[in-house]
Every structure is written in structure tokens, then in C-alpha cells.
Protein chains: 2
Amino acid sequence: MKKNAKNELIKYDHPCPIRDVLDRIGDQWSLLILKSLEHDVMRFNTLHKEIGDISRQMLSRTLKRLENDGYITRTVYAQVPPRVEYALAELGLSFLKPMNTLIQWADENHEAICRARKTQNL
Amino acid sequence: MKKNAKNELIKYDHPCPIRDVLDRIGDQWSLLILKSLEHDVMRFNTLHKEIGDISRQMLSRTLKRLENDGYITRTVYAQVPPRVEYALAELGLSFLKPMNTLIQWADENHEAICRARKTQNL
DNA sequence: CTGTATCCTCTTTGATACTG
DNA sequence: CAGTATCAAAGAGGATACAG
């Protein structure tokens with residue numbers, strides 16, 4: 001566990017839910033993957049092509065994390081060549097609502113943000 | 001849904017507003033800062049104490065980015081010692097709705113996620 | 001097809017010391 | 001009080017080759 005400068009334990013036994021959740025789905029790819037799975041079950045390579053600029057490694061890692069957190073399910077079919085399908089689990093389905101609220105806001109306010117940003121490049 | 005010349009599905013044109021927005025407020029601190037400013041104007045050190053484990057450098061940087069993107073305002077009072085107050089700007093106020101939807105979901109589902117996670121540590 | 005292992009780079013973040 | 005500069009560490013992410 002992390003310690004601060006005085007070597008005191010930082011108390012995250014039960015971390016802030018917001019941080020705990022957002023640290024995971026707040027990365028570069030999770031939302032994109034969940035959004036891709038909103039309407040369809042998807043295979044690994046289909047996701048890879050759809051998202052376009054994600055590396056296979058990051059796709060693999062992020063899928064594992066999402067699966068481990070309970071957002072998605074992973075189904076392997078005993079075939080040659082292998083066929084693996086990813087789909088939203090219950091948690092992922094319930095997450096669609098706040099996610100889409102956020103996405104809608106981003107869409108509506110993107111232009112305003114771009115306008116505000118023009119002055120600098122931080 | 002759009003398709004390209006080879007009839008493959010394409011969901012994400014560039015620049016994608018979702019990614020552009022979330023890459024900024026999806027970091028470790030932005031949401032926390034915006035949440036802290038939800039009900040009160042705040043000074044630098046007050047924010048620093050309230051958030052607790054953010055470094056001054058990251059607080060400074062994140063505040064600048066949020067200001068530059070138009071989420072918050074920064075007001076300097078001509079005093080000695082200096083007094084600087086941060087407050088939500090219009091964009092930040094409008095962001096409260098999707099943000100709180102997300103926070104509420106995180107609160108309600110945190111336990112389920114923790115339960116799902118127990119098996120591994122990715 | 002569906003990944004994993006390895007190596008490498010770039011970004012993020014914190015600690016600390018310093019300035020106005 | 002409100003930051004900034006500098007340094008260092010950790011992690012995110014990509015490229016490529018390899019494996020089942």
C-alpha cells in the first residue's frame with residue numbers, strides 16, 4: 001500500500017467509489033470498447049478493426065480488465081480457428097445509461113471546448 | 001451506421017468528440033476538482049487540503065487545463081498574501097449533470113465491481 | 001483467429017526546493 | 001498564499017515476434 005512522505009499509510013482500504021471506478025473505465029479505451037459492444041456481440045479482430053488505432057496488446061489488456069470488473073463477458077467457442085465473442089454483462093448494460101449521458105454531453109459541448117481551447121495548448 | 005468502401009462498419013470518425021473530451025476530464029483529478037467546486041468557490045490550498053493526496057503540481061496543472069478548456073474560472077484578488085479563487089464556469093456547471101449521473105452509478109455499483117474483482121488483481 | 005511476451009518510448013505524477 | 005522548476009519513478013501504450 002502507498003505511503004506518504006511521512007511514511008504514513010494512505011487510507012484506501014475502501015477507496016472513494018468514484019475514483020475506484022473511474023480509474024478503471026477512465027482510461028483511453030474502456031469507454032470505446034463498451035460503446036462498441038452496446039448493440040452487438042463482437043469478436044476480437046472485429047473490435048480491433050472497429051476501434052482502429054488500438055494495439056492488440058491494449059485491446060487484450062483492456063478487455064481482460066473489463067471482464068474482470070464484470071462489465072463484459074468472454075465466450076470461447078471450441079472451433080478451429082478459435083472464435084471468441086465479447087458481450088456486455090449486466091454491469092456493462094447498466095453502465096450504458098451514465099455512459100451515454102456523458103457521451104451526449106461531450107457531443108453537445110465539444111465545439112464550445114474547442115473554442116475555449118484555441119488560445120493555448122496544454 | 002456508416003460503412004466504408006469495403007462495407008466494413010465504421011463508428012469512429014476523427015476527431016471523435018468523446019475521446020477529445022474524455023482524454024481531458026478522464027484523468028485522475030479533474031472530476032474530483034469539479035466535484036469539489038460543485039457547491040463552493042475554493043482557494044488553491046483549500047482544494048489541496050480537501051482532495052488530500054494530490055500534489056501541488058498536479059493541482060496546479062489540472063486547474064490550468066480545466067480553466068483553459070472553459071470548465072472553471074480563476075479569480076485573483078489584489079491582496080497580500082495573494083488570494084485566488086476557483087469556481088465553476090458555465091461549461092463546468094452544465095457538466096455537473098452527466099458527471100453526477102456517473103458518480104451516482106459508481107456509488108451504486110462499486111460494491112458489485114469489488115465483488116467481481118476479488119478473483120484477480122489486474 | 002486470438003491472443004501473449006518482450007522491449008521500448010512517452011506521458012503522467014509525485015517529491016522537493018524555490019519564487020513572488 | 002499560490003504557485004513553478006527540476007528531477008525521478010511508475011505506468012500507459014505501441015511494435016513486433018511468437019504461441020496455441
Side-chain angles (χ1 to χ4, degrees), chain A residues 1-10 12 15 19-20 22-33 36-37 41-68 72-87 120-122, chain B residues 8 19-20 22-33 36-37 41-69 72-87 120-122:
Chain A
M1 185 173 304
K2 292 180 189 172
K3 298 181 180 185
N4 64 13
K6 294 169 189 167
N7 211 32
E8 298 163 342
L9 289 175
I10 298 176
Y12 290 128
R19 296 164 82 158
D20 193 37
L22 293 188
D23 279 359
R24 300 290 189 113
I25 54 84
D27 67 1
Q28 202 177 348
W29 305 113
S30 293
L31 273 277
L32 251 19
I33 291 175
S36 296
L37 293 174
V41 165
M42 291 253 190
R43 299 177 64 172
F44 187 87
N45 270 356
T46 315
L47 278 168
H48 192 216
K49 283 175 204 154
E50 171 130 338
I51 297 179
D53 55 344
I54 190 175
S55 67
R56 283 216 299 267
Q57 168 147 193
M58 281 316 297
L59 180 56
S60 175
R61 269 196 223 165
T62 310
L63 285 169
K64 265 191 188 165
R65 278 211 329 197
L66 291 174
E67 186 196 357
N68 190 245
I72 64 176
T73 59
R74 178 178 181 272
T75 310
V76 184
Y77 295 89
Q79 300 179 1
V80 178
R83 173 189 187 84
V84 180
E85 284 183 349
Y86 294 92
Q120 290 180 50
N121 191 15
L122 299 179
Chain B
E8 296 163 342
R19 296 165 82 157
D20 193 37
L22 292 188
D23 278 359
R24 300 291 189 111
I25 54 84
D27 69 1
Q28 205 178 347
W29 305 113
S30 293
L31 273 278
L32 251 19
I33 292 175
S36 296
L37 293 173
V41 165
M42 291 252 189
R43 300 176 66 171
F44 188 86
N45 271 355
T46 315
L47 277 168
H48 192 216
K49 282 174 206 156
E50 172 129 336
I51 296 180
D53 56 342
I54 190 175
S55 66
R56 284 217 296 266
Q57 170 147 191
M58 282 315 298
L59 180 56
S60 175
R61 269 196 222 165
T62 309
L63 285 169
K64 267 190 187 166
R65 279 212 326 199
L66 291 174
E67 187 196 356
N68 190 246
D69 277 17
I72 63 175
T73 59
R74 177 177 181 273
T75 310
V76 185
Y77 296 89
Q79 300 180 0
V80 177
R83 172 188 187 84
V84 179
E85 284 183 350
Y86 294 91
Q120 292 179 48
N121 190 16
L122 299 179

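Just so we're on the same page: letters track the sequence lines, and every chain starts at 1. From a predicted model like this one, the values you see are computed outputs, not experimental measurements.
Between B/E67 atom CD and D/dA2 atom P there is a gap of 15 Å when expressed in whole angstrom units. Regarding A/E85, its CD atom lies at a distance of 9 Å from the P atom of C/dT2, rounded to whole Å. Computed from coordinates, the B/L59 CG to D/dA5 C1' distance equals 17 Å when rounded to whole Å. Across the protein-nucleic acid pair, A/I33 atom CD1 and C/dG3 atom C1' stand 14 Å apart, rounded to whole Å. If you take CG of B/D23 and C1' of C/dT12, they are 13 Å apart, rounded to a whole angstrom. Atom P of nucleotide C/dG3 and atom CG of A/L63 are separated by 8 Å, given to the nearest angstrom. Distance A/I72 CD1 to C/dT2 C1': 14 Å, rounded to the nearest Å. In this structure, A/H48 atom NE2 and C/dT2 atom P are separated by 12 Å, rounded to whole Å.
Between A/R61 and A/D27, none of the side-chain N atoms (NZ, or NE/NH1/NH2) sits under 4.0 Å from a carboxylate O, so this pair counts as no salt bridge.
B/L63 is listed as a side-chain neighbour of B/L47, based on a closest heavy-atom distance under 4.5 Å. Contact of the B/I51 side chain with the B/M58 side chain is not registered, since no non-hydrogen atoms from C-beta on lie closer than 4.5 Å. For the pair B/V84/B/F44, no side-chain contact is recorded, criterion being any heavy-atom separation below 4.5 Å from C-beta on.
In the helix from C/dC1-D/dG20 to C/dG20-D/dC1, the end axes, each obtained as the rotation axis mapping the C1' atoms of four pairs onto the next four within a five-pair block, lie 40° apart to the nearest 10 degrees.
Atoms OG1 and CD, on A/T73 and A/E85 in that order, are 9.0 Å from each other to the nearest 0.5 Å. Distance check: B/T62 OG1 to B/L31 CG gives 11.5 Å after rounding to the nearest 0.5 Å.
For A/Y86, a side-chain nitrogen or oxygen approaches OP1 or OP2 of C/dG3 to under 4.0 Å. Side-chain N/O atoms of B/S60 include one lying less than 4.0 angstrom from OP1 or OP2 on D/dT4. In this structure, B/K64 reaches the D/dT4 phosphate: one of its side-chain N or O atoms is under 4.0 Å from OP1 or OP2.
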Quick one, give me the B/S/- string for nucleotides 7-16 of chain D, reading 5' to 3', where B means a protein heavy atom under 4.0 Å from the base and S means that only happens at the primed atoms, P, OP1 or OP2.
-> ------BBB-
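Taking both residues in full, the closest heavy atoms of A/S30 and A/R24 are given as OG-O, 3.5 Å, listed atom of the first, atom of the second, then distance. The shortest heavy-atom contact between A/H48 and A/I54 is NE2-O, 2.9 Å.
Qualifying salt bridge (charged side-chain N to carboxylate O under 4.0 Å, His left out) partners for B/R74, counting only residues two or more places apart in sequence or in other chains: none.
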